[in-house]
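One structure is given here, and the rest of the page talks about it.
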Amino acid sequence: MVRRTLMRRNQELVDFEIEPTTGEVRIVDLSEAGEDLLACADAVQRDEGWLLGKLVGSRAISAMRPDLESILGAFGAKSAVDLALMGHGLSLSDQYWYRAPGSAERWEGVNFFDNEWDPAFGAAVFEEDYARLASCSPDVPDATTRGHAVKTWERSDDGILLVKVSERYDGAELKGIKLASDMSAMLFAEGCYVPVSIVERCGRLCSATPLMLAHDEELVDGDWISMVTGILAKGGGRISPELCDVRISAYDAMGIKDASAHVARMACCSCLSLLADFHAGNFGAIRKVGSDVWRPAPIFDYDGSFGFPFAEGQISAFCEKPFLAELLCMHHFSYLRSSWDWSWYDPRALDGFEGRIVEAYASNGSLPSGFSELVVRLFAIQREYVNGIALASR
């Protein structure tokens, strides 16, 4: 068992012991602030130890990451949780971290906003030279960042960026991600979405997105919002009008203004960009540290937009039989409600966007014949659908 203290900035919350291999957690000592943190366990009818284990387990590299075993092997870590515990468990998403027993370390000396981290970690991962990780510090934001894609955090003149390697060597799916970002820029005001740029690292195409948080802010994802507010969704988190209504209610309970309009924007983006990988985790809220002032997280995850993440076989099958794709499209992306706030929506804002789609995919010879035409066709279906919903709301 490994013993740590969960900290929020310089405040001690929970002393706990954890078995890194199994993730089993035992609470040793719980402060009053720690009790407040774990009080939402009642909302899911579980005990505090379970909720602490879920929190600790979520502060680690995803088990779905394809290079996880290589990373763990280089550090001699027993698990992704063990790797996070080798450092301070720090994140760029929130203000929580781990302190070893008897340590006098303070937030000011360890956090990633004010202090550098080892850039060699990300470089070794991008170059697929995992043996080099043995000489790198595990105290990096990569060690607590979720998601299956190979990625790293970088500091640049423009701030902190999350850089993710394309899953395809031709980078085709990045075209869809960039299209979704460009579409968001045409539809939404600044601050309602996170922009995406395409960069190259170690000969691979990557997406790069800026950190959406200020130094004194932290992000809470959709699952934790449900537990904090006690407003829970049924159905396993699959996107649906009911889930969107739950998010509106949760945002309202947190005092977020224009909650209905924000959820409508997110759902609209999902439908228009054919974003299949859209779930409860995409709905986040951002809190100013030390206050109860919340704002909705901008639209930030476009992975799987405009024709992806369908596998090669599915893409080819859909191109050969477009009606199958149209049926899937109408089934999967028909969950909008006219009762939401659509006053922000301009049905003419995307005039001519079909041309951008064709242009984006025109130079990629690895895609099956008719791919861009099919995506344009599906986009047109969705745009007509969204326009109808927005019109019915007035």
Just verifying a value: how many Å separate [X] [atom1] and [Y] [atom2], rounded to the nearest 0.5 Å?
{"X": "F353", "Y": "L187", "atom1": "CZ", "atom2": "CG", "value": "8.5 Å"}
{"X": "R377", "Y": "C329", "atom1": "CZ", "atom2": "SG", "value": "11.0 Å"}
{"X": "D15", "Y": "R3", "atom1": "CG", "atom2": "CZ", "value": "5.0 Å"}
{"X": "M186", "Y": "D346", "atom1": "CE", "atom2": "CG", "value": "10.0 Å"}
{"X": "I160", "Y": "L92", "atom1": "CD1", "atom2": "CG", "value": "5.0 Å"}

Discussion item. I need the single residue from R287, R8, R9 that forms a salt bridge (Lys or Arg N to Asp or Glu O under 4.0 Å) with E218. Which is it?
Written reply: R287

Discussion item. Could you check, using the six-membered ring where one of them is a Trp, whether Y361 and F371 have ring centers closer than 6.0 angstrom?
Written reply: yes

Practice prompt. Taking the six-membered ring for Trp and the single ring otherwise, decide whether the centroids of F188 and W344 are under 6.0 Å apart.
Written response: yes

Discussion item. Evaluate R337 against E242 for salt bridge (charged side-chain N to carboxylate O under 4.0 Å, His left out), listing each step before the verdict.
Written reply: CA-CA 10 Å; R337 290 197 196 277; E242 291 75 22; 3.7 Å; yes

Worksheet item: For A297, does its backbone N or O pair with a side-chain atom of H262 as donor and acceptor, under 3.5 Å?
Response: yes

Worksheet item: Does any N or O in the side chain of D114 come within less than 3.5 Å of the main-chain N or O of E108, such that one atom is a donor and the other an acceptor?
Response: no

Taking only Lys NZ, Arg NE, NH1 and NH2, and the carboxylate oxygens of Asp or Glu, determine whether [X] and [Y] approach each other closer than 4.0 Å.
{"X": "D67", "Y": "R65", "result": "yes"}
{"X": "D216", "Y": "K288", "result": "yes"}
{"X": "D351", "Y": "R383", "result": "yes"}

Worksheet item: Any side-chain donor-acceptor pair under 3.5 Å between D258 and Y251?
Response: no

For the residue pair [X] and [Y], does the interplanar ring angle fall in the parallel (under 30°), tilted (30 to 60°) or perpendicular (over 60°) class?
{"X": "W107", "Y": "F113", "answer": "tilted"}
{"X": "W340", "Y": "W342", "answer": "parallel"}
{"X": "F121", "Y": "F75", "answer": "parallel"}

